[in-house]
Amino acid sequence: MSKTIRLTMAQALTRFLSRQMTEIDGKKVPIFGGVWAIFGHGNVAGVGEALYQVRDELPTFRAHNEQAMAHAAIAYGKANFRRRFMAATSSIGPGALNMVTAAALAHVNRLPVLFLPGDIFANRLPDPVLQQVEDFSDGTASVNDCFRPVSRYFDRITRPEQIIPALNRAMQVLTDPAECGPVTLSLCQDVQAEAYDYPESLFAERVWALRRLRPDRSELAAAVAALKGAKKPLVIAGGGVLYSQASDELAKLVQGAGIPVCETQGGKSSLPDDHPLNMAAVGVTGTSAANRLAEAADVVLAVGTRLQDFTTGSWALFKNAGRTIIGLNTQAFDAGKHWALPLVADAAEGLAELSAALKGWKAPATWTDNAMKGKTEWQAAAAKVTASTNTAYPSDAQVIGAVQRAMGSGVTLLHAAGGLPGELHKLWQAGAPGSYHAEYGFSTMGYEIAGGLGVKMAKPDQEVVVMVGDGSYLMLNSEIATSVMLGLKLTIVLLDNRGYGCINRLQMATGGANFNNLLKDARHEVMPDVDFAAHAASLGAVAEKVASIAELETALAKAKKNDKTTVLVIDTDPLVSTEAGGHWWDVAVPEVSSRPQVNAARKVYEERKQMQSAGD
Ligand SMILES: Cc1ncc(C[n+]2csc(CCOP(=O)(O)OP(=O)(O)O)c2C)c(N)n1
Ligand SMILES: [Mg+2]
């Protein structure tokens, strides 16, 4: 019989979490950076008491909103290239459900996070407890079942010993590059407090390492043969390049073979923006340089990408009928999408083996030279739209230019929703890997500020710049106060175009009337005039409204020097976006309508649909 220790289930859980380690740059560090917590009756007595016991090894952080704290936890995992992560615990009912959207965000983006929501009593004696929904036909149902479709692993702990295999499975999922995603351990309130004689071996220190799968020999041979036959090869770099920390291997392959590279939202900063072979953004929000190549490419090596519609232009971008896609991905689900030749492997391992096998082979020089010419043309177009201006209502692009000039490429830039993702994907000149942090898998309004906090926890020495629209800001801004409380400085640039600018533009592009997006087009008695600077100041930030691009640059230079979260507000034009580059995006237009504008848009839509490949 092995030695045991009598602990509550919650004490066993927190003790276990505090003993999980990993190695970063040869140094052993805890794999959990901490636990975000908002307590209620569903977790304060059990998990809360247990977190207090381990507070020195596993710090607990208090937030203002469960969704926001989960955003911070997820951003921390992303900024750490999934090598370290955090947990988030809530009470039952509304606290738990507030985390479900964030769980989906992590699920879509393949990011590790451990959710620990409280759940109803397993013994059912006090039912219905405060915040319990009652299902008339299913006694086992609780709101936490909502986590099931948005978790990579879900478990409900109804007996204290169940936490032993559940923790094992949780760690497997959180640390496996292919399975990686959110894990939910739903903790029945009474069971959190129940004691059990746990084997001491459960609490032995464990050091988790990144699993790097090497390619299958026949898949590698097929990929090499396809590339050697290519006249117009192109690499798409996705987030998997960053999570595998494969930038060097990517650079080596493409420099050796003269293959141009383009980047998804998740993969941007795989190569620095000024790398001569980096054509930058691809797809709906792509550069003209990248999209021209994507249209013509005969072999597309898609590395670590989910090939979502923004990347593939809703599958209308790749126009070469005979093209082959090679899917280099740790997850077979992604590697074989659209009948791609699968190359299931870690990105760094796969790229290194491709480099070795392609040694001496080069893409036709005309293809590579043309690509670089296209990049020069794009850079000229980008310089024009980001140049300084005196206008009272600058475009998002002009604000991006100001932020780039004032902050340089050494900062980590974060964004998630609105018009900014498209503009930043095209125009931001990223530096080191991970310096461009986009949440554009789920594009969750309200990710930005809390996400910035998570990035700052992961990279305390980095300047973290958050760019956010007025809509996203109003949806979720509470963690400004947490950033001030924790002394974690963010520089937040708020672009106020008085409404949901990008959806208003989409509405117009699909023939719709201006309706319910910009504040002026929404039903109102009084036109809102939100004083964002006063609001941010009330949460403890240094805040300023600037009147021009020049003032913004001056304020940013000042913000760089102070060590407190700063919010800079600038009015912008809701109607302007960058026309250069870009690609059609499939947004279904009504087939019949009394509006002639809709009928006209439908006609164009039907034409564009002809370009879409149906899975070939
Ligand atoms: C939680 C959530 N709700 C709705 C949407 C759909 N949506 C995407 S962008 C957007 C408007 C964002 O407004 P703002 O932050 O002001 O940015 P802007 O479009 O004005 O640039 C909306 C409603 C979303 N992405 N996330
Ligand atoms: Mg807006």
Side-chain angles (χ1 to χ4, degrees), residues 65-68 70-71 74-75 97-109 150 265 284-285 308-310 385 393-400 403 413-428 438-452 466-480 492-510 512 514-522 524 527-533 535-536 545 567-578 582 585 587-588:
N65 173 299
E66 290 88 354
Q67 182 183 343
H71 287 170
I74 294 163
L97 284 185
N98 274 353
M99 299 199 294
V100 173
T101 302
L105 184 166
H107 194 281
V108 168
N109 287 289
V150 290
Q265 282 276 14
V284 176
T285 53
Q308 63 134 308
D309 63 349
F310 264 75
V385 295
Y393 292 101
S395 64
D396 289 2
Q398 287 163 337
V399 175
I400 290 167
V403 175
L413 188 282
L414 183 145
H415 66 90
L420 281 165
E423 298 293 299
L424 286 162
H425 192 210
K426 281 182 188 176
L427 300 171
W428 186 257
E439 192 288 276
Y440 209 62
F442 211 45
S443 189
T444 312
M445 288 172 71
Y447 175 80
E448 295 91 341
I449 291 167
V466 173
M467 292 189 74
V468 63
D470 54 308
S472 259
Y473 179 94
L474 284 176
M475 207 173 268
L476 199 42
N477 51 61
S478 49
E479 304 325 310
I480 288 177
I492 299 165
V493 181
L494 196 171
L495 289 77
D496 181 8
N497 59 10
R498 297 151 308 283
Y500 303 148
C502 72
I503 308 296
N504 177 58
R505 293 196 297 272
L506 184 59
Q507 190 168 48
M508 293 193 290
T510 51
N514 298 85
F515 169 59
N516 208 49
N517 280 309
L518 298 184
L519 290 169
K520 73 176 175 59
D521 302 323
H524 63 272
M527 182 62 191
D529 183 16
V530 181
D531 187 342
F532 288 100
H535 179 271
K545 170 130 188 202
V567 177
L568 301 175
V569 185
I570 184 163
D571 283 338
T572 52
D573 188 332
L575 297 177
V576 187
S577 66
T578 299
W585 182 34
V587 174

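Each residue takes its place number in the sequence, starting with 1. Quick caveat: nothing in here was measured; it's all calculated off a predicted structure. First listed ligand is number 1; within each ligand, the first listed atom is number 1.
Considering Ser443, Gly418, Ala416, Ser472 only, the shortest heavy-atom separation from atom 15 (O) of ligand 1 involves Ser472.
Here's the thing with Ala417: none of its N/O atoms is less than 3.5 angstrom from an N/O atom of ligand 1. In terms of polar-atom proximity, defined here as any N/O pair under 3.5 Å, Cys502 does make such a contact with ligand 1. For ligand 1, the polar-atom distance check finds no N/O of Ile503 at less than 3.5 Å from any of the ligand's N/O atoms. The shortest N/O to N/O separation between Gly499 and ligand 1 falls below 3.5 Å. Taking only nitrogen or oxygen atoms, main chain and side chain alike, Thr444 does not reach within less than 3.5 Å of ligand 1. By the 3.5 Å distance cut-off applied to N or O atoms, Tyr500 is not counted among the residues near ligand 1. The distance criterion of under 3.5 Å between nitrogen or oxygen atoms is not met by Asp396 with respect to ligand 1.
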**Request:** Please lay out, stage by stage, how His425 and Tyr440 fare under the test side-chain hydrogen bond (donor to acceptor under 3.5 Å, both in side chains).
**Result:** CA-CA 10 Å; His425 192 210; Tyr440 209 62; over 6 Å; no

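Heavy atoms of Gly446 come nearer than 4.0 angstrom to ligand 1 in no pair at all. Close to ligand 1: Met475, with a non-hydrogen atom less than 4.0 angstrom away.
Here the OH-CE distance, from Tyr500 to Met445, works out to 4.5 Å after rounding to the nearest 0.5 Å.
Counting atoms of ligand 1 from 1 in the listed order, those under 4.0 Å from a heavy atom of Gly419 are 18 (P), 19 (O), 21 (O). Close contacts of ligand 1 with Gly471, meaning ligand atoms under 4.0 Å from a residue heavy atom, involve 13 (O), 14 (P), 15 (O), 16 (O).
The main-chain N or O of Arg505 is never found under 3.5 Å from a side-chain atom of Gln507 such that the two would form a donor-acceptor pair.
Among the atoms of Asn497, an N, O or S atom falls under 2.8 Å from the Mg ion (ligand 2).
The Mg ion (ligand 2) lies closest to atom OD1 when only the N/O/S atoms of Asp470 are considered.
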